[in-house]
**Student:** 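I have a structure here, written as structure tokens, and I will follow up with some questions on it.
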Amino acid sequence: MNKINVFKPDNKNLRIFLTLGSLFFILSIVDFSLNNFLDKNITFFLPRYINFFTPLIFGIIGLHFIRIEFSGIKKLDIINKNINTNNFNASLSLFIIFLLIFCIPPLLNWFIFDANISGNTKEACTGSGACWVYIKVWFNRFMYGMYPNAEQWRVNLAFTIVLSFAGIGFFMPTKYKKYLTLYYTIFLPIISFLLIYYLISGGSFGLIWVETGAWGGLSLTFIVSFFCLIFCFPIGMMLALGRRSALPTIKYSSLGFIEFWRGVPLITVLFMSAVMFPMFLPDGTYMDKLIRVIIAITLFEAAYVAEVIRGGLQALPRGQYDAAKSLGMGYWRLHLLVILPQALKLVIPGIANTFLALVKDTPLIFVVGLLELAGMLGLAKTNPEWLGFSMEGYVFAAIIFWIICYTMSRYSQNLELKYKTDR
Amino acid sequence: MSEKIIQMQNVNKWFDDFHVLKDINLDVKSKQKIVVCGPSGSGKSTLIRCINRLEEHQKGNIIVDGTELSENTKNIEKIRAEVGMVFQQFNLFPHLSILDNCTLAPIWVKKMSKKDAEDQAMRQLEKVQITDQAKKFPGQLSGGQQQRSAIARALCMEPKIMLFDEPTSALDPEMIKEVLDAMVNLAKAGMTMIVVTHEMGFAKEVADEVIFMDEGMIVEKASTKEFFANPKNDRTKLFLSQIL
Amino acid sequence: MKRNKILPQAITLLFIVLIFGFFTMNAQINMENRGIEFGFGFLKQEASFDIQFSLIDYDGSHSYARAYLVGLLNTLLVAFIGIILSTLLGIVVGVARLSPNYLIKKTAAFYVEFFRNIPLLLQIFFWYFAALRALPMPEDANLLLGSSFMTIKGLYTPAPVWENFDIFFTTLILALILIFFVNRYAKKKQEEEGKQLPKFLISLSIFIGLPLLTFLAGGFDLSFSFPELKQLAKTSYTYEGGMGIPPELIALTLALTLYTATFIAENVRAGIQGIGKGQKEAAASIGLTPGQVLKLVIMPQALRIIIPPTTNQYLNLTKNSSLAAAIAYPDLVLVFAGTAMMQTGRAIEIVAITMATYLSISLAISLLMNWYNKSIAIKEK
């Protein structure tokens, strides 16, 4: 029998240390779980304060025993290197394990096991967990606001068209690549405007008119973020070019415009649009609520997009400018045909980030009375038939937003990596 | 030549599964100059990085200036203060001037006064002929100047041993000479040096012993004359034919 | 050539003037039609509305200007607390994301990805409407840390009651001045003789010791007023005494902190990762201890990368605090651009003042940042 040094677990007595270690570790988990879930205490004979910490103590002892360097067992080495390098790390790891044990079962309960999914009325909410029936019933409202159910296909169609047009730019044959800028800054905004005006809003060609106050839910979130982004592209581009201009008037007015919109919170901008726009327009002109909001957000975002595009313009090697100039291209040809198409490719991750921020900012339009997803939640929450389900609503909205934002941010991160290695 | 200042006995090292150093046995006497060469991936850099414990060995013994290097070694910083290292990528501190780069460790580790540290720094900078750049920042210097400054910085701690990890590999050709000259001067002044390099001209001029490593093992170890005139191992011959 | 340069500028200028002119003209006509005058005199008028939470004395009889001040202070309060807390949290999480410990690294990553991708407004709603609403009523509240109560109406905690606050304040200032000189002396001593005094310990003991001395010497009188349960009506209880921190403030600060800390954590991580491995090795190879490596080599370089985007986040946090309007925390926007504007109808003046305030804060921070960046910029060829 080799000499066993309790304080220095080593390779020679592998079996013994491993068994001891695992024993203590399992003991600590069991102790904690019993404490937590069943209120039972296996170490009740110890004084109060030690009692509280026994899971931690057992765990540290257990992890200490299995901390064997170069044990030769691959899995053990991986575990040791990752969570068990010293006592401090071991205790941190234990904390996290305990935290997980503490949080996950109740969460699972609430989300799945005690939740109700079937049914259509409030009476179906019998469990103590989440009542997903609430979400099911209100789903259409959350997605489309008060837009009439029968007409919702129009919104879907509009989005499909816009997305396909926007996506075409990526697949354009190289022959047409130089027209890319014009496409995105002029063609696409016009199409989008027409889509909103004729398809979603309606009123002509046999489609019923749906007033903008009825638009809402997640589709409104997308309408606002997407269309604002498309509209603010041309403006942002002009601002970015203006900012880099050598002519002082243009440079400083662009600078002033950009810094102004970047310096104020979006909510004040929305207040302004609600209250001040009517003041600044000739008496009698009525501007639709949504249009005011879209204009306000477009101008606001244009400043941020301008900065992103400016970054792209700066990142282009000077050689591109030099080459184009030496071929005799004037300012506009140079920029539209050579510089901007290349810069736009560079700035896509930045634009994706701006779009993301925009999506996260759209809930603010509630201040002007428009109800997108978060706003619809608030409405549904106060409905007398369905009181008390605010938690389910918020969780649902959080999940939806999270999926959208996470996917977008992952996508833009991948793009950034790809472009970094491309160059 | 006096007592052994570095002893490596049966040193083995693994990076996870990869056996990077296999049964290394090496003794270095004080004031000795040793050049280590070999193909990339042979473990040369790892070998010298074990000497100042930037890498840790798993088996075997390494004894530096009488102290054994192991996980129980207290104050590894004291050992590192005696062993100077020059890196392939220079690694000067960009936020400090050259002078401050050199006085940083003497002030904070040896607790010298600022004036003494600066005086000493200027002396070392003089040895590598770069005193006029003392107040400049690394970003303002050429590669060769940066590497010479890095040598001066290591020398400011008055080490007993100097380790060089491919000091000229990242330099443009016209700057290699100035760095090698500085290293030759250092060798002539009597410093114990272990240099990992491909510069065989330098080896021929200054080294006492040349070591050829391949796949983690010391394949051949001989005095400089012997090494270049009569390489015994086939792999050594192949390597020499490729670089000479 | 000159014509080429003047013409576009002249056109732009004309364009801008025309637009502004158009708007101003319309505004004037509209205001005339509605009988509203333009002017800032209304600021002196009596506000006649109450504000739930205020750091300074205020009631309905004070002027609008004072109401503005209350709103501004409330905004700055949230911003200040939020900035400090989110920085601390951000640093911890940022470092945790680089930990070799797998569990810690993944937990930190989870936190960042989770809170970053949910809109801030939603988080505020969640904390205010869902989480804090689950707290107990005042009469059922549990004792927290011996004398605080966490209830649905707010966090009630003991409030310090200073008798001779000015004396304490003076000693505090004196202590800070003394610390400054001690540090200067210690630095000089190190430069001249190389000996290092334990600067941190000395500073800490002065900071704690000096005020403590005055306290013991009976210089001032400190007592606490404790919150006590008081019955207002048959089913309505509240706490008297102590200080009550309204749930709006708690929810807002909590949401702002958790949200902004994710961005700061990412900045910290980028900063530390941005320092090449070689720097650490070089520093270690000349004999510096790990603590010295961090202090003298890593942190100075990392901070240069971390600070600019982090100040941007501070700016965002300040702007985001305007979301307080959603949960009725009386910040600048709600008080001034909300209530005051509704009462006086002076839309243009009020919105202008509000925007100007935020602009000034942004510009001030930007200028500070630019100056800071220039002064610490690593010199290159």
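All chains are named by letter (A, B, ...) in the order of the sequence lines, taking the proteins before the strands, and each is independently numbered beginning at 1.
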**Student:** Is a donor on one side and an acceptor on the other found under 3.5 Å between the side chain of K360(A) and the backbone of R116(C)?
**Tutor:** yes

**Student:** By a 4.5 Å heavy-atom criterion (distance strictly below it), what part of A356(C) contacts chain A: side chain, backbone, both, or neither?
**Tutor:**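 Answer is neither: A356(C) stays 4.5 Å or more from chain A.
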
**Student:** Is it the side chain or the backbone of T268(A) that comes within 4.5 Å of chain C heavy atoms, both, or neither?
**Tutor:** both

**Student:** Of the backbone (N, CA, C, O) and the side chain (C-beta and beyond), which part of F260(A) lies under 4.5 Å from a heavy atom of chain C, both, or neither?
**Tutor:** both

**Student:** Could you give me the CA-CA distance, side-chain angles and deciding distance for F401(A) and L122(C), then say whether side-chain contact (heavy atoms from CB on, under 4.5 Å) is met?
**Tutor:** CA-CA 9 Å; F401(A) 272 117; L122(C) 214 55; 3.7 Å; yes

**Student:** Side chain, backbone, both or neither: which part of S322(C) has a non-hydrogen atom closer than 4.5 Å to chain A?
**Tutor:**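 Both parts, backbone and side chain.
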
**Student:** So, taking the atom named CG in L100(A) and the one named CG in L103(C), what distance separates them when rounded to the nearest 0.5 Å?
**Tutor:** 7.5 Å

**Student:** Against chain A, label L359(C) side chain, backbone, both or neither, depending on which of its atoms sit under 4.5 Å from a heavy atom there.
**Tutor:**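 Contact with chain A: backbone and side chain both.
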
**Student:** Under the side-chain contact (heavy atoms from CB on, under 4.5 Å) criterion, do I118(C) and C405(A) qualify, and how do the steps go?
**Tutor:** CA-CA 7 Å; I118(C) 299 183; C405(A) 296; over 6 Å; no

**Student:** Strictly distance-based, threshold 3.5 Å: is any side-chain N or O of K319(C) a donor or acceptor partner for the main-chain N or O of I267(A)?
**Tutor:**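 The answer is no, because no donor-acceptor pair under 3.5 Å joins these two groups.
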
**Student:** Against chain A, label F20(C) side chain, backbone, both or neither, depending on which of its atoms sit under 4.5 Å from a heavy atom there.
**Tutor:** neither

**Student:** With side-chain contact (heavy atoms from CB on, under 4.5 Å) as the test, would you mind laying out the steps for M355(C) and F271(A) before giving the verdict?
**Tutor:** CA-CA 11 Å; M355(C) 285 182 146; F271(A) 265 148; over 6 Å; no

